[in-house]
Undergrad: 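There's a structure below that I have some questions on.
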Number of protein chains: 2
Amino acid sequence: MAGLSERKQRILALIIESYISTGEPVGSKTLSATMGNSVSSATIRNDMADLVELGFLMQPHTSAGRIPSQSGYRYYVDNLMAKYELGTDEQERIKTWLQSYSGEPDQLLEKAGSILSELTNCVAISSSPSDSEATIKRVELVPLSSKTAMVVLLASSGILKSMVVRTDSEITVEVAEVFYNIMQSYFLGNSVADIDIAFIQTLVASLGDKVFVMSPLLCGVADLCTSVKSTDLHFNGQSNILNHPELSIDAFELMDFLHREAPTKALLSSHKKPLTVAIGEENAFKELRNTSTIFSKYSVGDKDSGSIGIIGPTRLDYARLIPSIKYLAGVIGTLLTETLE
Amino acid sequence: MAGLSERKQRILALIIESYISTGEPVGSKTLSATMGNSVSSATIRNDMADLVELGFLMQPHTSAGRIPSQSGYRYYVDNLMAKYELGTDEQERIKTWLQSYSGEPDQLLEKAGSILSELTNCVAISSSPSDSEATIKRVELVPLSSKTAMVVLLASSGILKSMVVRTDSEITVEVAEVFYNIMQSYFLGNSVADIDIAFIQTLVASLGDKVFVMSPLLCGVADLCTSVKSTDLHFNGQSNILNHPELSIDAFELMDFLHREAPTKALLSSHKKPLTVAIGEENAFKELRNTSTIFSKYSVGDKDSGSIGIIGPTRLDYARLIPSIKYLAGVIGTLLTETLE
DNA sequence: CGTTAGCACTTAAAGCATCTGAGTGCTAAC
DNA sequence: GTTAGCACTCAGATGCTTTAAGTGCTAACG
């Protein structure tokens, strides 16, 4: 990998940085000038030709300058790019923006996403905290009317979910008692992953005439367990897709892809490293072949919990954005952890 | 308004319908053919010229056919368009799609919006039920841990909201008792509109040393009252903006407008009639001047509660879409009312 | 009188040739 | 290994012509 001479590295970095900021192909003459004419344009042309040979640069056509290829970006991100540190002022700005957060994780992510999309001019996507290994910490039944009640579930991961349940017969004090007993014996302390419809069905079978009241309630609890495992997505700045000519060519395809949600969820939960940068074809989904994605996990407590990041053109200011996203994910993790008593 | 001869009306209707389905300007010769050559193209040309004079038609340029103007569409919607009735099969399809709804209004609207956007190829927008005249029917405090609790508020309109509240000191049984007493005396039965921060502050002042525990709890209740009054928006099929050339020209502006939410909320709640069709410039917001909007209110119980509808190009199949949206809003209202015991 | 045929006129869009300029690759000299 | 010099390439801009769709107007028709 280190087969590149000092000068070629410098040339590659300068081309990428110039192209990132202007979007225009870079020619040998211009480049020679920005390097203070320390090397002639002819020399640079030779080096450029080699870099094309190596696959780091491309030319849109013979008489245009060079633009980075996807592996060019990759080499840049891995080897050349300055490891930028966020200025303390920018850190402060992000922190204070997020500080005003009320306790609802979704609200925090919505805000973080909106900051991120404005900061990056890209589509920001985040997934709400989820934890399939969570156990059931607490279940409450809040009667609302004679035949409706709210079921509240608190998971060990701090995730709280609730829903309204309707039953066909009255929810008496006795019913509530039976409900709490069932919770105590079969639910509390168990993993949310173990509670599914099959489990509920075997359970319900032994309830005799209470079946019709209890069944909806227990199904409700099962639904909540499912939703603790699953992640919700937040999108921000979708209109930014149209800001980037590279993306707006098949903007429809891309937006459609994002809104299908299932693959997007997979995208957010699939990446293994704390921070993943996927450039162009490196993305698992073919709809993203023209994009770069940067996603960072955030942790609640000491467990990875969700992700936040961006989808943008391959022409991204990686050096600036990667630290920003990393920092943002850190703040989110801290804030969510604080809430978890 | 009836100044149009039978034939001119027919010509106008045919031009509009042809343009709606093909998007191409309509010429006199083609039109004469579709009318079975019962009138010659020259005659149609004369009538067309009159219709341009009257402002119902436009020509993109001299040598092109005619396209409907905004007032042409308006005349069509008001006078010419066949009052289409939804086929029972389509009605059934919509109903069964929505039937599988669990009891959460947001989920229902999300589903309805996705149906609508697919049905219309437009952006579907809906607002969740809200009622600023609602009164507080019930408030519950669900302790979660020593210092956190969930506050649940049920409004007379059937809207249920909840949130998690953190306090600095322990939420004891005694605290809960005080809380319920305060609810009983100052909150239950009152209008959600009356509960605001100022009210909470005067109330809190008289609480002595309980201030620090109660204040967050009461503020939570006030927040919930606010959220009962306010509406949430649901968007579906946003990528459809890019399906319509007329819209995609300033797609960015439009998407940006929609995501600003405040004006969009105003749009959804401002229309007075049960079903409103606004064509082009008829829209209150300048960002919508190139669009047509069709929105229908739905009622929960016997009160108008929220709206659902679409934003699309002015070239919309009004005859088909208006009944669909009307029907969909009806089903939503019915389903939501059923849930309200 | 309304309707129709005929024809000259208009115009956007497509096709085509030309020109321009940025940038290259190669060769030969340093 | 580096550089100057120069012929070459090609996208994009410019301007011209052609094409085809559709019009408006006039004069004739029933």
Side-chain angles (χ1 to χ4, degrees), chain A residues 3-12 14-19 21-69 72 245-246 249 315, chain B residues 3-12 14-19 21-69 72 245-246 249 315:
Chain A
L4 287 191
S5 73
E6 191 77 14
R7 194 182 59 210
K8 278 181 189 162
Q9 293 196 5
R10 179 133 179 264
I11 289 173
L12 180 56
L14 284 172
I15 289 178
I16 289 178
E17 277 153 18
S18 163
Y19 184 69
S21 70
T22 68
E24 297 293 317
V26 187
S28 55
K29 219 166 180 177
T30 339
L31 192 50
S32 168
T34 50
M35 292 173 81
N37 292 310
S38 59
V39 271
S40 82
S41 64
T43 312
I44 291 177
R45 273 204 293 286
N46 289 330
D47 285 353
M48 278 175 158
D50 292 349
L51 288 167
V52 169
E53 188 81 10
L54 291 165
F56 293 142
L57 294 179
M58 303 189 319
Q59 5 185 204
H61 54 267
T62 333
S63 74
R66 303 305 209 286
I67 60 173
S69 70
E246 304 97 309
I249 295 167
R315 178 168 89 77
Chain B
L4 287 191
S5 73
E6 191 77 12
R7 193 182 60 210
K8 278 180 189 161
Q9 294 196 6
R10 180 135 178 264
I11 290 173
L12 180 56
L14 284 172
I15 290 178
I16 290 179
E17 277 153 20
S18 163
Y19 185 68
S21 70
T22 68
E24 296 294 318
V26 187
S28 55
K29 218 165 179 177
T30 338
L31 192 49
S32 167
T34 51
M35 290 173 82
N37 293 308
S38 57
V39 272
S40 82
S41 63
T43 311
I44 291 177
R45 272 203 294 284
N46 289 331
D47 287 352
M48 278 174 156
D50 291 349
L51 289 167
V52 169
E53 188 80 9
L54 290 166
F56 293 143
L57 293 180
M58 304 189 319
Q59 9 184 201
H61 54 268
T62 332
S63 73
R66 304 303 210 286
I67 60 174
S69 71
E246 304 97 311
I249 294 166
R315 178 167 88 77

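Lettering of chains follows the sequences in order, A, B, ..., and the numbering in each one begins at 1. What you are looking at is a predicted structure, and each value in this text was computed from that prediction instead of being measured.
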Undergrad: Atom CG of A:Asn46 to atom C1' of C:dG23: distance rounded to whole Å?
TA: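 Atom CG in A:Asn46 sits about 14 Å away from atom C1' in C:dG23.
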
Undergrad: Mind calculating the distance between NE2 (B:His61) and P (C:dC9) to the nearest angstrom?
TA: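 B:His61 atom NE2 is separated from C:dC9 atom P by 19 Å.
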
Undergrad: Among D:dT3, C:dT4, C:dT24, which nucleotide sits nearest the side chain of A:Ala42?
TA: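 Looking only at side-chain atoms, A:Ala42 lies closest to D:dT3.
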
Undergrad: Looking only at atom types and distance, does a side-chain atom of A:Ser32 sit under 3.5 Å from a main-chain N or O of A:Val39, one as donor and one as acceptor?
TA: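 Here the side-chain-to-backbone pair exists.
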
Undergrad: Using the closest heavy atom to pick a nucleotide of DNA chain C for each, name whichever of B:Arg45 or A:Ala49 lands nearer the 5' end.
TA: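 The residue closer to the strand's 5' end, by nearest nucleotide, is B:Arg45.
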
Undergrad: Just how far, in rounded Å, is C1' of D:dT9 from CZ of A:Arg66?
TA: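 Rounded to the whole Å, the gap is 13 Å.
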
Undergrad: Any side-chain N or O of A:Ser28 under 4.0 Å from OP1/OP2 of C:dT24?
TA: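 Yes, within the criterion.
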
Undergrad: Could you tell me the separation between the CD1 atom of B:Ile11 and the CG atom of B:Asn46, rounded to the nearest 0.5 Å?
TA: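 Result: 9.5 Å between the selected atoms.
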
Undergrad: Whether B:Thr62 contacts C:dT11 is assessed here as follows: a side-chain N or O lying under 4.0 Å from the phosphate OP1 or OP2. Is that the case?
TA: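 B:Thr62 to C:dT11 OP1/OP2: side-chain N or O found under 4.0 Å.
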
Undergrad: Please state whether the phosphate of C:dG23, meaning OP1 or OP2, lies under 4.0 angstrom from any side-chain nitrogen or oxygen of A:Ser63.
TA: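 The answer is no; no side-chain N or O of A:Ser63 sits under 4.0 Å from OP1 or OP2.
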
Undergrad: Where the side chain of A:Met48 is defined as all heavy atoms beyond and including C-beta, which of C:dT24, C:dA5, C:dG23 is the nearest nucleotide?
TA: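 Closest nucleotide among those given: C:dT24.
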
Undergrad: If pairing requires Watson-Crick or G-U wobble contacts with both distances under 3.5 Å, which nucleotide is the partner of C:dC30?
TA: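 Here C:dC30 is engaged in a pair, and the nucleotide opposite it is D:dG1.
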
Undergrad: Taking the side chain as C-beta and beyond, is there a heavy-atom pair between A:Leu54 and A:Lys8 under 4.5 Å?
TA: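 They are not in contact (no side-chain heavy atoms under 4.5 Å apart), so the answer is no.
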
Undergrad: Take atom CD1 of B:Ile44 and atom C1' of C:dG2, then tell me their distance rounded to the nearest Å.
TA: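 My rounded result for the distance is 14 Å.
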
Undergrad: Check the distance between D:dT23's C1' and B:Lys29's NZ and give it to me in whole angstrom.
TA: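 After rounding, the reported distance stands at 12 Å.
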
Undergrad: Look at the side chain of B:Ser69 and the backbone N and O of B:Gly55, then say whether any donor-acceptor pair between them is shorter than 3.5 Å.
TA: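 Flag set: sc B:Ser69 to bb B:Gly55 pair under 3.5 Å.
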
Undergrad: If I take atom CD in residue A:Gln59 and atom C1' in nucleotide D:dC10, what distance separates them, rounded to the nearest angstrom?
TA: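 Atom CD in A:Gln59 sits about 11 Å away from atom C1' in D:dC10.
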
Undergrad: Separation of A:Arg7 atom CZ from D:dT2 atom P, in whole Å?
TA: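 The answer, rounded to whole Å, is 4 Å.
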
Undergrad: Reckon B:Ala64 touches a base, only the sugar-phosphate, or nothing at all at heavy-atom distances under 4.0 Å?
TA: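 Here B:Ala64 touches the backbone only, sparing every base.
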
Undergrad: Give a yes or no answer on whether the side chain of B:Ser18 reaches the backbone of B:Leu14 with a donor-acceptor pair at less than 3.5 Å.
TA: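 Not a single qualifying donor-acceptor pair exists.
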
Undergrad: May I have the distance from A:Tyr19 (atom OH) to C:dG23 (atom P), rounded to whole angstrom?
TA: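 Distance check: A:Tyr19 OH to C:dG23 P gives 14 Å.
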
